[in-house]
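The next block holds one structure in the form of structure tokens; read it before the comments.
Residues: numbered from 1 along the sequence shown. As the structure is a computational prediction, the values presented were derived from the model and not from experiment.
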Amino acid sequence: MSYDNLKLEKELYTTGKSFTQALESIDPSENYIGTPLEGLDAYQRQLKRFDIKVSGADSDTVSKFFQTSDSSALFPEYVARAVRQGLVDNDIVSQMVATTTNIDSLDYRAIESIVEDNAITAEHIMEGTYIPETNVRLKDTLTPLNKRGRMLVASYESIKFQKLDIFTVILKQIGEYIASCQAMDAIQAVYNENRDNIIEFSGGVTYANLVKFWNTFDPYNLTTILTDSATVETMLNLDEFKDAVAGLNFHGTGSMITPFGANLIKAKFLNGSNTIIGLDKNFALEKVQAGDIVTDFDKLIDRQLERATVSCIAGFSPIFNGASQIAAYEQ
């Protein structure tokens with residue numbers, strides 16, 4: 001069956017797969033290798049079928065999706081993709097998590113790993129002697145999953161003549177909000193893991209104190225630092241942070257790199273906390289995600305946008321004890 005005569009229905013959103021995955025199962029991209037449509041996924045081929053341009057100066061209006069019942073079935077996927085793009089563009093969670101686990105339920109019991117202290121030594125193992133252990137076990141509690149999202153409130157009449165390019169910007173802001181909420185959830189998981197072992201520094205944010213904090217991560221590596229804007233400002237004004245390479249990177253990309261090689265992230269929701277959170281992204285956290293971006297596809301297809309939700313369900317679970325640390329300082 002060719003892409004230009006597929007019957008698109010709401011049921012494609014209820015298969016347990018994403019809309020694009022459901023489309024790919026009936027219209028595989030591998031069938032288009034060597035054709036002008038190579039490189040497009042099943043959803044993008046449907047946009048081409050109905051001549052819907054979702055970006056650029058010549059983008060169509062929202063109403064273009066609703067010319068036929070088939071094309072209207074593409075609208076929820078457009079919304080989900082725009083929101084997902086906003087999430088990706090503003091994502092800091094990827095600098096905090098070691099892996100992402102996708103599940104199909106709302107209950108998930110994560111594992112944790114306990115490494116014996118003497119397993120870190122460089123001594124070789126003699127024949128017949130004890131071999132240090134890494135214990136992997138299920139956690140006593142379920143990983144809390146939080147639903148994050150926004151209610152899309154707009155009448156169809158108010159947006160139908162709006163260009164998709166500008167509507168995409170609005171949807172991307174919802175993705176930015178979800179990304180910010182998930183970052184807060186990840187930080188909360190780190191705090192819960194370390195609340196009884198917070199490192200306290202006196203003398204404020206000094207290079208010496210930061211070196212001490214960096215040194216607490218052995219045998220892990222400090223790859224990511226999150227702190228509030230005032231602390232970031234203080235850190236960037238330390239002489240040790242003004243090296244040429246870090247300065248060139250900051251001026252060219254806006255990304256801040258510390259002298260330790262760790263990424264420095266400004267987290268506005270830590271403002272006023274006098275707290276520095278550090279972690280090794282390769283071992284610190286597991287992200288657990290129940291599905292992808294979820295939309296009220298029924299309402300969106302039927303043009304009932306007045307109370308349509310866009311959401312994502314995810315949670316975070318620490319993996320290795322010691323792969324994340326929290327420091328609190330006094331001025």
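- Proximity of a side-chain donor or acceptor of Y220 to a complementary backbone N or O of A284 within less than 3.5 Å is not detected.
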side-chain contact (heavy atoms from CB on, under 4.5 Å) between T223 and N282, intermediate numbers included: CA-CA 8 Å; T223 66; N282 299 304; 4.2 Å; yes

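- How far CD1 of I33 is from CG of L37: 12.5 Å, rounded to the nearest 0.5 Å.
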Verdict with reasoning, I326 to I276, per side-chain contact (heavy atoms from CB on, under 4.5 Å): CA-CA 6 Å; I326 298 177; I276 299 174; over 6 Å; no

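- Closest approach of Q46 to R49, counting heavy atoms only: OE1-NH1, 2.9 Å.
- With 3.5 Å as the limit, one finds no donor-acceptor pair spanning the side chains of T234 and T231.
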Candidate pair L285 and I319, rule side-chain contact (heavy atoms from CB on, under 4.5 Å), full reasoning: CA-CA 5 Å; L285 288 174; I319 304 174; 5.7 Å; no

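- For K147, the NZ atom counts as loosely surrounded, since its 6.0 Å shell holds 12 or fewer non-hydrogen atoms of other residues, nucleotides or ligands.
- At a threshold of 4.5 Å between non-hydrogen side-chain atoms, the residues I313 and L106 count as touching.
- When atom types are taken as modelled, the side chain of S2 and the backbone of N5 share no donor-acceptor pair closer than 3.5 angstrom.
- We find the OH-CG distance between Y156 and D302 to be 12.0 Å, quoted to the nearest 0.5 Å.
- To the nearest 0.5 angstrom, I26 atom CD1 is 5.0 Å from L6 atom CG.
- The pair D185-R148 counts as a salt bridge, with a side-chain nitrogen and a carboxylate oxygen less than 4.0 angstrom apart.
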Derivation and outcome, salt bridge (Lys or Arg N to Asp or Glu O under 4.0 Å), residues D89 and R84: CA-CA 9 Å; D89 289 347; R84 188 182 304 111; over 6 Å; no

Trace of the side chain to side chain donor-acceptor pair (under 3.5 Å) decision for S94 with D91: CA-CA 6 Å; S94 62; D91 175 44; 2.7 Å; yes

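- Atom CD1 in I166 sits 12.0 Å away from atom NZ in K163 (nearest 0.5 Å).
- Of all the heavy atoms in T227 and T275, the pair that sits closest is OG1-O, 2.8 Å.
- Donor-acceptor pairing under 3.5 Å is lacking for the side chains of Q162 and T61.
- Separation of atoms SG (C312) and CD1 (I293) is listed at 4.5 Å; rounding is to 0.5 Å.
- When side chains are defined from C-beta on, Y329 does not count as touching E200, because their heavy atoms never get closer than 4.5 Å.
- Closest of all the heavy-atom pairs between S202 and N209 is O-ND2, 3.0 Å.
- Residues F66 and I301 approach most closely at CE2-O, 3.6 Å, considering heavy atoms.
- Looking only at side-chain heavy atoms (C-beta outward), L12 and K17 stay at 4.5 Å or farther from each other.
- We find that K172 and E176 are not joined by a salt bridge, their nearest charged nitrogen and carboxylate oxygen being 4.0 Å or further apart.
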Working for ring-ring contact (aromatic ring centres under 6.0 Å, His included), residues F75 and Y78: CA-CA 5 Å; F75 188 60; Y78 154 75; 5.7 Å; yes

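- With N263 contributing its side chain and T224 its backbone, the two residues share no donor-acceptor pair below 3.5 Å.
- Inter-residue side-chain proximity for I159 and F167 is flagged as met; some heavy-atom pair is nearer than 4.5 Å.
- Under the 3.5 Å distance criterion, with hydrogens and angles disregarded, no donor-acceptor pair is assigned to the side chains of D165 and S55.
- Note on D107 versus R109: no salt bridge recorded, every NZ/NE/NH1/NH2 to OD/OE distance being 4.0 Å or above.
- Judged purely by distance below 3.5 Å, without hydrogens or angles, the side chains of E286 and T101 pair a donor atom with an acceptor atom.
- Between P318 and K139 the shortest side-chain heavy-atom distance falls below 4.5 Å.
- The main-chain N or O of N221 is found under 3.5 Å from a side-chain atom of D280 such that the two form a donor-acceptor pair.
- Listed here is the closest heavy atom pair of K287 and Q182: NZ-OE1, 3.1 Å.
- Shown here are the ring-ring contact (aromatic ring centres under 6.0 Å, His included) partners of Y108, two or more places apart in sequence or in another chain: there are none.
- E306 CD: more than 12 foreign heavy atoms inside a 6.0 Å radius.
- Side chain to side chain, D27 and Y32 meet the donor-acceptor criterion of an N or O pair below 3.5 Å.
- Taking a 6.0 Å sphere around CG of N237, one finds it holds more than 12 heavy atoms contributed by other residues, nucleotides or ligands.
- Distance check, rounded to the nearest 0.5 Å: CG of N146 to CZ of F316 gives 9.0 Å.
- Residues E77 and T20 bring a donor and an acceptor atom of their side chains to less than 3.5 Å of each other.
- Side-chain heavy atoms closer than 4.5 Å link hydrophobic residues (I, L, V, M, F, W, Y) into clusters, and following such links, even through other members, never connects V294 to I174.
- Judged by distance alone, the side chain of D41 and the main-chain N or O of Q44 form a donor-acceptor pair under 3.5 Å.
- Ring planes of W214 and F260: parallel class, angle under 30° (limits at 30 and 60°).
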Derivation and outcome, side chain to side chain donor-acceptor pair (under 3.5 Å), residues S18 and D292: CA-CA 8 Å; S18 70; D292 202 348; over 6 Å; no

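- In this structure, the side chain of N90 engages the main chain of G86 through a donor-acceptor pair within 3.5 Å.
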Residues F19, F297; criterion ring-ring contact (aromatic ring centres under 6.0 Å, His included); working and verdict: CA-CA 10 Å; F19 180 78; F297 61 87; 9.5 Å; no

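- L305 is not listed as a side-chain neighbour of S155, based on a closest heavy-atom distance of 4.5 Å or more.
- Under the 6.0 Å distance and 45° angle rule, R45 does not count as a cation-pi partner of Y3.
- Cluster membership for F213 and V211, using ILVMFWY side-chain heavy atoms within less than 4.5 angstrom, is shared.
- In the hydrophobic clustering of ILVMFWY residues, with side-chain heavy atoms under 4.5 Å counting as a link, L238 and L264 come out together.
- Surrounding CZ of R137 are at most 12 heavy atoms belonging to other residues, nucleotides or ligands under 6.0 Å away.
- Here the closest non-hydrogen pair linking T100 and Q289 is CG2-CB, 4.5 Å.
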Audit row: R303, K160, side-chain contact (heavy atoms from CB on, under 4.5 Å) steps and yes/no: CA-CA 10 Å; R303 289 176 279 187; K160 65 180 180 180; over 6 Å; no

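- Within a 6.0 Å radius of NZ in K48, no more than 12 heavy atoms belonging to other residues, nucleotides or ligands are found.
- Salt bridge annotation for D228-K266: absent, with no cationic side-chain nitrogen under 4.0 angstrom from a carboxylate oxygen.
- No side-chain donor-acceptor contact under 3.5 Å links S69 and S72.
- Under the 4.5 Å side-chain criterion, counting only non-hydrogen atoms from C-beta, V54 is in contact with I52.
- Hydrophobic clustering (ILVMFWY, side-chain heavy atoms < 4.5 Å, transitive): I103 and I178 are in distinct clusters.
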